[in-house]
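The structure is given below, and queries will be raised subsequently.
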Amino acid sequence: MAYVAVRGGTQAIEASIEKLTYERLRTGRVPDVWAIRGGMRALVDQVMSEASLHDETVTAAAIKQAEGSPEEAVFLMRAFRSTLPRKHYSLEVDTGLMFVERRISSSFKDIPGGQILGASCDYTHRLIDGDLFGETEGDAAEWLSRYLAKTDGECVPLSSFPKVIGHLRKLGFMKEVKPDDGEPRDVTKTVLEFPSVRSERLQILTRGQTGAVTALGYAALRGYGVLHPTVAELRVGRLPVFIPDPFSGTGDEDSYYIGDIRITEVETLVPVPVPLPEGRSEIRFDMGYGICFGQNETKAIAMSILDQCLESEDKRYPTQDEEFVLPHVDSVEATGFISHLKLPHYVTFQSKLDSLRRVKESDE
(Lines give C-alpha, C1' and ligand atoms only; values in the text may rest on other atoms or scores of the structure.)
Protein backbone atom coordinates (compact mmCIF):
# COMPACT_ATOMS: atom_id res chain seq x y z
CA MET A 1 0.00 0.00 0.00
CA ALA A 2 1.27 3.44 -0.90
CA TYR A 3 -1.32 5.24 1.23
CA VAL A 4 -0.42 6.89 4.54
CA ALA A 5 -2.63 8.42 7.20
CA VAL A 6 -3.06 12.18 7.00
CA ARG A 7 -1.81 14.44 9.78
CA GLY A 8 -4.14 16.43 11.96
CA GLY A 9 -6.68 15.82 14.69
CA THR A 10 -4.06 14.51 17.11
CA GLN A 11 -6.31 14.74 20.15
CA ALA A 12 -9.15 12.95 18.39
CA ILE A 13 -6.79 10.18 17.24
CA GLU A 14 -5.39 9.72 20.75
CA ALA A 15 -8.92 9.57 22.14
CA SER A 16 -9.84 6.94 19.53
CA ILE A 17 -6.86 4.78 20.52
CA GLU A 18 -7.77 5.18 24.17
CA LYS A 19 -11.36 4.11 23.45
CA LEU A 20 -10.00 1.07 21.59
CA THR A 21 -8.10 0.03 24.71
CA TYR A 22 -11.25 0.59 26.77
CA GLU A 23 -13.26 -1.70 24.49
CA ARG A 24 -10.64 -4.43 24.92
CA LEU A 25 -10.59 -4.13 28.72
CA ARG A 26 -14.13 -3.01 29.59
CA THR A 27 -15.36 -6.45 30.70
CA GLY A 28 -12.48 -6.74 33.15
CA ARG A 29 -11.42 -10.04 31.59
CA VAL A 30 -8.03 -10.24 29.91
CA PRO A 31 -7.31 -13.34 27.78
CA ASP A 32 -3.94 -14.83 28.59
CA VAL A 33 -1.47 -15.11 25.69
CA TRP A 34 -0.62 -18.68 26.67
CA ALA A 35 -4.32 -19.55 26.86
CA ILE A 36 -4.81 -18.21 23.33
CA ARG A 37 -1.82 -20.19 22.08
CA GLY A 38 -3.08 -23.39 23.70
CA GLY A 39 -6.84 -23.04 23.29
CA MET A 40 -7.20 -21.24 19.93
CA ARG A 41 -4.90 -23.45 17.88
CA ALA A 42 -6.84 -23.12 14.61
CA LEU A 43 -6.81 -19.32 14.74
CA VAL A 44 -3.11 -19.24 15.63
CA ASP A 45 -2.34 -21.56 12.69
CA GLN A 46 -4.39 -19.44 10.29
CA VAL A 47 -2.71 -16.18 11.30
CA MET A 48 0.79 -17.73 11.16
CA SER A 49 0.10 -19.01 7.65
CA GLU A 50 -1.16 -15.67 6.34
CA ALA A 51 1.63 -13.76 8.07
CA SER A 52 4.27 -16.22 6.77
CA LEU A 53 5.93 -16.20 10.19
CA HIS A 54 6.08 -19.31 12.37
CA ASP A 55 5.95 -18.15 15.99
CA GLU A 56 2.99 -19.38 18.02
CA THR A 57 3.63 -17.14 21.04
CA VAL A 58 3.99 -13.88 19.11
CA THR A 59 0.97 -14.86 17.03
CA ALA A 60 -1.10 -15.37 20.18
CA ALA A 61 -0.02 -11.92 21.40
CA ALA A 62 -1.04 -10.41 18.04
CA ILE A 63 -4.45 -12.08 18.27
CA LYS A 64 -4.89 -10.68 21.80
CA GLN A 65 -3.93 -7.18 20.65
CA ALA A 66 -6.23 -7.46 17.62
CA GLU A 67 -9.14 -8.64 19.83
CA GLY A 68 -9.43 -11.80 17.76
CA SER A 69 -9.51 -10.12 14.33
CA PRO A 70 -7.46 -12.35 11.98
CA GLU A 71 -6.84 -9.59 9.43
CA GLU A 72 -5.54 -7.15 12.06
CA ALA A 73 -3.43 -9.87 13.68
CA VAL A 74 -1.89 -10.72 10.29
CA PHE A 75 -1.11 -7.04 9.73
CA LEU A 76 0.65 -6.88 13.11
CA MET A 77 2.58 -10.06 12.38
CA ARG A 78 3.69 -8.89 8.93
CA ALA A 79 4.88 -5.61 10.45
CA PHE A 80 6.77 -7.50 13.17
CA ARG A 81 8.24 -9.85 10.59
CA SER A 82 9.67 -6.92 8.64
CA THR A 83 11.81 -5.97 11.66
CA LEU A 84 13.48 -9.37 11.98
CA PRO A 85 16.94 -10.06 10.52
CA ARG A 86 17.12 -12.85 7.97
CA LYS A 87 20.16 -14.82 9.09
CA HIS A 88 19.76 -18.09 7.21
CA TYR A 89 17.88 -19.88 4.48
CA SER A 90 16.89 -23.42 5.39
CA LEU A 91 17.87 -26.37 3.27
CA GLU A 92 15.23 -27.85 1.01
CA VAL A 93 12.84 -29.81 3.21
CA ASP A 94 11.67 -33.31 2.35
CA THR A 95 8.02 -33.63 3.35
CA GLY A 96 8.38 -37.39 3.07
CA LEU A 97 10.28 -37.16 6.37
CA MET A 98 7.31 -35.60 8.16
CA PHE A 99 6.38 -37.08 11.53
CA VAL A 100 2.77 -37.74 10.63
CA GLU A 101 -0.04 -36.91 13.07
CA ARG A 102 -2.89 -37.12 10.56
CA ARG A 103 -2.94 -38.71 7.12
CA ILE A 104 -5.94 -39.40 4.91
CA SER A 105 -6.58 -40.20 1.26
CA SER A 106 -9.87 -39.94 -0.60
CA SER A 107 -8.35 -41.69 -3.63
CA PHE A 108 -7.61 -45.07 -2.02
CA LYS A 109 -9.16 -46.85 0.92
CA ASP A 110 -5.98 -48.79 1.69
CA ILE A 111 -2.69 -46.92 1.50
CA PRO A 112 0.76 -47.99 2.74
CA GLY A 113 0.81 -47.37 6.47
CA GLY A 114 -2.96 -46.94 6.61
CA GLN A 115 -5.21 -43.93 7.03
CA ILE A 116 -4.59 -41.98 10.24
CA LEU A 117 -7.54 -39.84 11.29
CA GLY A 118 -5.68 -37.83 13.92
CA ALA A 119 -7.27 -34.74 15.46
CA SER A 120 -10.05 -33.32 13.30
CA CYS A 121 -13.51 -31.75 13.55
CA ASP A 122 -14.55 -33.75 10.47
CA TYR A 123 -16.02 -36.57 12.55
CA THR A 124 -17.85 -34.52 15.20
CA HIS A 125 -21.58 -33.70 15.27
CA ARG A 126 -20.98 -29.93 14.97
CA LEU A 127 -23.27 -29.13 17.91
CA ILE A 128 -22.50 -26.54 20.59
CA ASP A 129 -21.11 -28.29 23.68
CA GLY A 130 -22.94 -26.77 26.64
CA ASP A 131 -20.37 -28.18 29.08
CA LEU A 132 -17.80 -25.70 27.76
CA PHE A 133 -19.58 -22.81 29.47
CA GLY A 134 -18.58 -24.12 32.88
CA GLU A 135 -15.31 -25.82 31.97
CA THR A 136 -12.42 -25.12 34.36
CA GLU A 137 -8.69 -25.75 34.31
CA GLY A 138 -9.29 -28.49 36.86
CA ASP A 139 -11.67 -30.23 34.44
CA ALA A 140 -9.01 -30.01 31.72
CA ALA A 141 -6.33 -31.47 33.98
CA GLU A 142 -8.60 -34.35 35.00
CA TRP A 143 -9.48 -35.18 31.37
CA LEU A 144 -5.84 -35.07 30.32
CA SER A 145 -4.90 -37.39 33.20
CA ARG A 146 -7.45 -39.98 32.08
CA TYR A 147 -6.44 -39.64 28.42
CA LEU A 148 -2.72 -40.02 29.05
CA ALA A 149 -3.34 -43.00 31.31
CA LYS A 150 -5.38 -44.65 28.55
CA THR A 151 -2.75 -43.97 25.89
CA ASP A 152 0.13 -44.92 28.20
CA GLY A 153 1.74 -41.50 28.17
CA GLU A 154 1.92 -38.69 25.65
CA CYS A 155 1.17 -39.72 22.09
CA VAL A 156 4.29 -39.80 19.93
CA PRO A 157 3.92 -38.74 16.27
CA LEU A 158 4.24 -41.61 13.86
CA SER A 159 7.24 -41.89 11.62
CA SER A 160 7.33 -41.13 7.91
CA PHE A 161 5.32 -42.95 5.24
CA PRO A 162 5.64 -43.32 1.46
CA LYS A 163 3.63 -40.91 -0.68
CA VAL A 164 0.48 -42.02 -2.50
CA ILE A 165 1.62 -39.94 -5.50
CA GLY A 166 4.81 -42.03 -5.64
CA HIS A 167 2.73 -45.19 -6.16
CA LEU A 168 0.86 -43.60 -9.08
CA ARG A 169 4.11 -42.40 -10.64
CA LYS A 170 5.51 -45.93 -10.58
CA LEU A 171 2.41 -47.11 -12.42
CA GLY A 172 2.90 -44.41 -15.08
CA PHE A 173 -0.44 -42.76 -14.34
CA MET A 174 0.96 -39.30 -13.59
CA LYS A 175 1.43 -36.61 -16.22
CA GLU A 176 5.11 -36.09 -16.95
CA VAL A 177 6.53 -32.69 -16.08
CA LYS A 178 9.91 -31.14 -16.67
CA PRO A 179 12.03 -30.98 -13.49
CA ASP A 180 12.81 -27.47 -12.29
CA ASP A 181 15.82 -27.18 -10.00
CA GLY A 182 16.10 -23.42 -10.38
CA GLU A 183 16.55 -21.15 -7.38
CA PRO A 184 13.12 -20.25 -5.95
CA ARG A 185 12.18 -16.60 -6.19
CA ASP A 186 11.42 -14.95 -2.86
CA VAL A 187 8.30 -12.77 -3.12
CA THR A 188 9.15 -11.06 0.19
CA LYS A 189 12.33 -9.61 -1.31
CA THR A 190 11.43 -8.94 -4.94
CA VAL A 191 8.38 -7.36 -6.53
CA LEU A 192 6.08 -9.85 -8.23
CA GLU A 193 6.08 -9.48 -12.00
CA PHE A 194 4.00 -11.33 -14.57
CA PRO A 195 4.38 -13.89 -15.92
CA SER A 196 5.35 -15.44 -12.59
CA VAL A 197 7.03 -18.76 -11.84
CA ARG A 198 5.54 -21.54 -9.77
CA SER A 199 7.69 -20.87 -6.71
CA GLU A 200 6.25 -17.33 -6.56
CA ARG A 201 2.69 -18.55 -7.03
CA LEU A 202 3.00 -21.14 -4.27
CA GLN A 203 4.46 -18.56 -1.86
CA ILE A 204 1.63 -16.11 -2.49
CA LEU A 205 -1.04 -18.79 -2.17
CA THR A 206 0.33 -20.13 1.12
CA ARG A 207 0.48 -16.53 2.44
CA GLY A 208 -2.97 -15.82 1.02
CA GLN A 209 -6.02 -14.94 3.07
CA THR A 210 -7.71 -18.20 4.05
CA GLY A 211 -11.19 -17.02 3.07
CA ALA A 212 -10.03 -15.66 -0.30
CA VAL A 213 -8.07 -18.79 -1.23
CA THR A 214 -11.00 -20.97 -0.16
CA ALA A 215 -13.53 -18.87 -2.10
CA LEU A 216 -11.52 -18.98 -5.33
CA GLY A 217 -10.86 -22.70 -4.90
CA TYR A 218 -14.59 -23.20 -4.46
CA ALA A 219 -15.31 -21.13 -7.57
CA ALA A 220 -12.94 -23.36 -9.54
CA LEU A 221 -14.78 -26.47 -8.31
CA ARG A 222 -18.14 -25.03 -9.34
CA GLY A 223 -17.09 -24.93 -12.96
CA TYR A 224 -14.83 -21.90 -13.28
CA GLY A 225 -11.59 -23.77 -13.70
CA VAL A 226 -10.42 -27.22 -12.69
CA LEU A 227 -12.30 -30.48 -13.12
CA HIS A 228 -13.35 -32.19 -9.89
CA PRO A 229 -10.07 -33.13 -8.15
CA THR A 230 -9.46 -35.99 -5.75
CA VAL A 231 -7.27 -35.72 -2.67
CA ALA A 232 -4.45 -38.20 -3.19
CA GLU A 233 -3.13 -37.47 0.27
CA LEU A 234 -3.57 -34.95 3.05
CA ARG A 235 -0.94 -34.90 5.78
CA VAL A 236 -0.65 -32.99 9.01
CA GLY A 237 2.51 -33.38 11.04
CA ARG A 238 5.81 -31.97 12.17
CA LEU A 239 8.54 -31.36 9.65
CA PRO A 240 12.22 -31.09 10.64
CA VAL A 241 14.07 -28.01 9.40
CA PHE A 242 17.83 -27.78 8.79
CA ILE A 243 20.18 -24.94 7.87
CA PRO A 244 23.62 -25.20 6.25
CA ASP A 245 26.70 -24.91 8.41
CA PRO A 246 27.02 -21.11 8.74
CA PHE A 247 30.81 -21.38 8.94
CA SER A 248 31.65 -23.82 6.15
CA GLY A 249 28.65 -23.09 3.94
CA THR A 250 28.64 -26.68 2.74
CA GLY A 251 25.64 -28.84 1.96
CA ASP A 252 23.54 -31.39 3.79
CA GLU A 253 26.43 -33.25 5.41
CA ASP A 254 27.27 -30.40 7.78
CA SER A 255 23.75 -29.09 8.31
CA TYR A 256 22.26 -28.07 11.65
CA TYR A 257 18.85 -29.14 12.89
CA ILE A 258 17.07 -26.02 14.21
CA GLY A 259 13.66 -27.46 15.11
CA ASP A 260 10.43 -28.64 13.55
CA ILE A 261 7.23 -26.97 12.42
CA ARG A 262 3.70 -28.31 12.12
CA ILE A 263 2.44 -28.12 8.54
CA THR A 264 -0.46 -29.28 6.42
CA GLU A 265 0.40 -30.72 3.01
CA VAL A 266 -2.08 -31.67 0.30
CA GLU A 267 -1.58 -33.34 -3.08
CA THR A 268 -4.66 -33.47 -5.29
CA LEU A 269 -5.18 -35.37 -8.52
CA VAL A 270 -6.85 -33.90 -11.61
CA PRO A 271 -7.51 -36.04 -14.71
CA VAL A 272 -6.14 -34.38 -17.86
CA PRO A 273 -5.85 -35.59 -21.46
CA VAL A 274 -2.26 -36.20 -22.60
CA PRO A 275 -1.62 -36.18 -26.40
CA LEU A 276 -0.03 -39.28 -27.92
CA PRO A 277 1.40 -39.96 -31.39
CA GLU A 278 -0.95 -40.27 -34.37
CA GLY A 279 -3.50 -37.89 -32.88
CA ARG A 280 -4.39 -40.18 -29.98
CA SER A 281 -4.64 -39.18 -26.34
CA GLU A 282 -5.03 -40.79 -22.95
CA ILE A 283 -6.01 -39.66 -19.49
CA ARG A 284 -3.33 -39.15 -16.88
CA PHE A 285 -3.30 -37.31 -13.60
CA ASP A 286 -1.97 -33.84 -13.04
CA MET A 287 -1.11 -32.79 -9.49
CA GLY A 288 -2.07 -29.71 -7.54
CA TYR A 289 -0.03 -28.88 -4.47
CA GLY A 290 -0.84 -27.05 -1.25
CA ILE A 291 1.18 -26.52 1.92
CA CYS A 292 0.86 -24.11 4.82
CA PHE A 293 1.78 -23.64 8.47
CA GLY A 294 -0.22 -25.45 11.13
CA GLN A 295 -3.31 -27.60 10.74
CA ASN A 296 -4.96 -25.58 8.01
CA GLU A 297 -6.64 -28.22 5.86
CA THR A 298 -9.33 -26.34 3.94
CA LYS A 299 -6.87 -23.68 2.84
CA ALA A 300 -4.26 -26.25 1.81
CA ILE A 301 -6.82 -28.13 -0.32
CA ALA A 302 -8.04 -24.90 -1.94
CA MET A 303 -4.42 -23.89 -2.54
CA SER A 304 -3.76 -27.18 -4.35
CA ILE A 305 -6.78 -26.55 -6.58
CA LEU A 306 -5.61 -23.05 -7.49
CA ASP A 307 -2.06 -24.30 -8.05
CA GLN A 308 -3.33 -26.70 -10.70
CA CYS A 309 -5.56 -24.00 -12.20
CA LEU A 310 -2.66 -21.55 -12.52
CA GLU A 311 -0.45 -24.20 -14.09
CA SER A 312 -3.08 -24.84 -16.76
CA GLU A 313 -2.53 -23.47 -20.25
CA ASP A 314 -6.29 -22.91 -20.56
CA LYS A 315 -6.97 -19.34 -19.36
CA ARG A 316 -10.72 -19.15 -19.95
CA TYR A 317 -11.64 -18.53 -16.32
CA PRO A 318 -10.48 -15.97 -13.71
CA THR A 319 -9.29 -18.78 -11.43
CA GLN A 320 -6.75 -19.71 -14.13
CA ASP A 321 -5.49 -16.14 -14.54
CA GLU A 322 -2.52 -15.42 -12.27
CA GLU A 323 -2.98 -11.67 -12.70
CA PHE A 324 -6.48 -12.07 -11.23
CA VAL A 325 -5.78 -14.62 -8.49
CA LEU A 326 -2.42 -13.66 -7.00
CA PRO A 327 -2.93 -9.92 -6.32
CA HIS A 328 -6.34 -10.53 -4.77
CA VAL A 329 -5.64 -13.25 -2.20
CA ASP A 330 -3.04 -11.38 -0.13
CA SER A 331 -4.52 -10.55 3.27
CA VAL A 332 -2.68 -7.31 3.98
CA GLU A 333 -2.98 -5.92 0.45
CA ALA A 334 -6.69 -6.73 0.18
CA THR A 335 -7.80 -5.55 3.62
CA GLY A 336 -5.48 -2.57 3.46
CA PHE A 337 -6.87 -1.36 0.15
CA ILE A 338 -10.48 -1.84 1.28
CA SER A 339 -9.80 -0.19 4.65
CA HIS A 340 -8.07 2.81 3.09
CA LEU A 341 -11.51 3.94 1.93
CA LYS A 342 -12.09 5.03 5.55
CA LEU A 343 -9.27 7.58 5.27
CA PRO A 344 -10.06 11.18 4.22
CA HIS A 345 -10.72 11.61 0.51
CA TYR A 346 -11.87 15.20 0.81
CA VAL A 347 -9.85 16.65 -2.06
CA THR A 348 -10.68 14.00 -4.65
CA PHE A 349 -14.37 13.93 -3.71
CA GLN A 350 -14.63 17.71 -3.84
CA SER A 351 -13.10 17.65 -7.32
CA LYS A 352 -15.84 15.25 -8.40
CA LEU A 353 -18.48 17.55 -6.94
CA ASP A 354 -16.95 20.54 -8.74
CA SER A 355 -17.12 18.63 -12.02
CA LEU A 356 -20.77 17.76 -11.42
CA ARG A 357 -21.58 21.39 -10.59
CA ARG A 358 -19.95 22.59 -13.81
CA VAL A 359 -21.91 20.04 -15.84
CA LYS A 360 -25.20 21.10 -14.23
CA GLU A 361 -24.40 24.76 -14.75
CA SER A 362 -23.62 24.18 -18.43
CA ASP A 363 -26.89 22.29 -18.88
CA GLU A 364 -28.83 25.19 -17.37
Side-chain angles (χ1 to χ4, degrees), residues 1-84 86 187-188 192 203-218 261-264 292-300 302-303 325-345:
M1 282 288 297
Y3 291 88
V4 294
V6 297
R7 297 183 64 183
T10 303
Q11 290 182 334
I13 291 172
E14 290 176 349
S16 174
I17 295 172
E18 192 173 41
K19 183 65 185 299
L20 178 65
T21 304
Y22 165 77
E23 289 294 337
R24 185 174 66 83
L25 301 176
R26 65 186 177 85
T27 63
R29 295 179 176 271
V30 179
D32 182 75
V33 168
W34 296 100
I36 294 173
R37 174 177 171 173
M40 306 185 77
R41 182 170 59 90
L43 180 56
V44 169
D45 287 349
Q46 176 184 333
V47 171
M48 284 198 308
S49 177
E50 295 179 18
S52 65
L53 177 62
H54 192 282
D55 190 318
E56 295 174 347
T57 304
V58 174
T59 302
I63 291 170
K64 176 179 178 178
Q65 182 176 337
E67 299 181 72
S69 168
E71 64 185 52
E72 182 65 22
V74 170
F75 202 118
L76 292 169
M77 289 288 285
R78 291 269 188 100
F80 174 69
R81 182 181 183 277
S82 69
T83 68
L84 301 176
R86 184 171 304 195
V187 298
T188 67
L192 177 67
Q203 285 179 72
I204 291 173
L205 290 173
T206 196
R207 286 159 51 94
Q209 189 174 39
T210 300
V213 174
T214 301
L216 291 178
Y218 176 52
I261 55 175
R262 175 179 279 114
I263 65 163
T264 301
C292 48
F293 285 149
Q295 187 168 2
N296 214 340
E297 298 178 15
T298 301
K299 178 182 177 181
M303 176 183 171
V325 173
L326 299 183
H328 294 141
V329 298
D330 187 84
S331 176
V332 172
E333 288 290 334
T335 58
F337 209 89
I338 294 295
S339 295
H340 102 277
L341 297 175
K342 296 181 290 185
L343 298 176
H345 285 69

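All values below come from the heavy atoms of this structure, side chains included, with hydrogens, waters and symmetry mates left out.
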* Asked: Could you give all pairs that pass the side chain to side chain donor-acceptor pair (under 3.5 Å) test and reach residues 28-47, with sequence neighbours left out?
  ->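 Those involving residues 28-47 are R37-E56, R37-T57, R41-Q295, Q46-E50.
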* Asked: Judged by atom type as modelled, is there a donor-acceptor pair below 3.5 Å linking the side chain of T264 to the main-chain atoms of C292?
  ->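 Pair absent, no side-chain N/O of T264 close to backbone of C292.
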* With sequence neighbours excluded, residues passing salt bridge (Lys or Arg N to Asp or Glu O under 4.0 Å) with E23 ->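 Testing E23 for salt bridge (Lys or Arg N to Asp or Glu O under 4.0 Å), a comparison that skips the adjacent residues, returns K19, R26.
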* Does a donor on one side chain sit under 3.5 Å from an acceptor on the other, for T188 and R86? ->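 On atom types as modelled, these side chains qualify, holding a pair under 3.5 Å.
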* **Side chain to side chain, V329 and I204, heavy atoms closer than 4.5 Å** =>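 In short, these two side chains touch, coming nearer than 4.5 Å.
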* Give me the one residue out of Q209, R78, M77 that meets side-chain contact (heavy atoms from CB on, under 4.5 Å) with V332. =>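 Testing each of Q209, R78, M77 against V332, the sole residue satisfying side-chain contact (heavy atoms from CB on, under 4.5 Å) is R78.
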* Asked: Got L43 and I36 here, is their nearest side-chain heavy-atom distance under 4.5 Å?
  ->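 Sidechains of I36 and L43: no contact.
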* Kindly say whether R207 contributes a backbone atom to a donor-acceptor pair with the side chain of S331 at under 3.5 angstrom? =>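 No; judged by distance alone, with no hydrogens or angles, the pair does not exist.
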* Value rounded to 0.5 Å, distance of CG in L205 from OG in S49 ->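 Answer for the CG-OG pair, L205 versus S49, is 10.5 Å.
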* Asked: L53 and T59: which non-hydrogen atoms are nearest, and at how many Å?
  ->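 Scanning both residues, the minimum pair turns out to be O-OG1, 4.4 Å.
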* **K299 (side chain) donor-acceptor with T206 (main chain) under 3.5 angstrom** =>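 Yes; judged by distance alone, with no hydrogens or angles, the pair exists.
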* If a pair satisfies side chain to side chain donor-acceptor pair (under 3.5 Å) and one of its residues is in residues 62-76, list it, with sequence neighbours excluded. =>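 Found none.
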* When rounded to the nearest 0.5 angstrom, what is the spacing between CD in E333 and OG1 in T335? -> 8.5 Å
* Do the side chains of S52 and R81 get nearer than 4.5 Å, heavy atoms only? ->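 In contact.
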* **From CG (L326) to CD (Q203), nearest 0.5 Å** => 11.0 Å
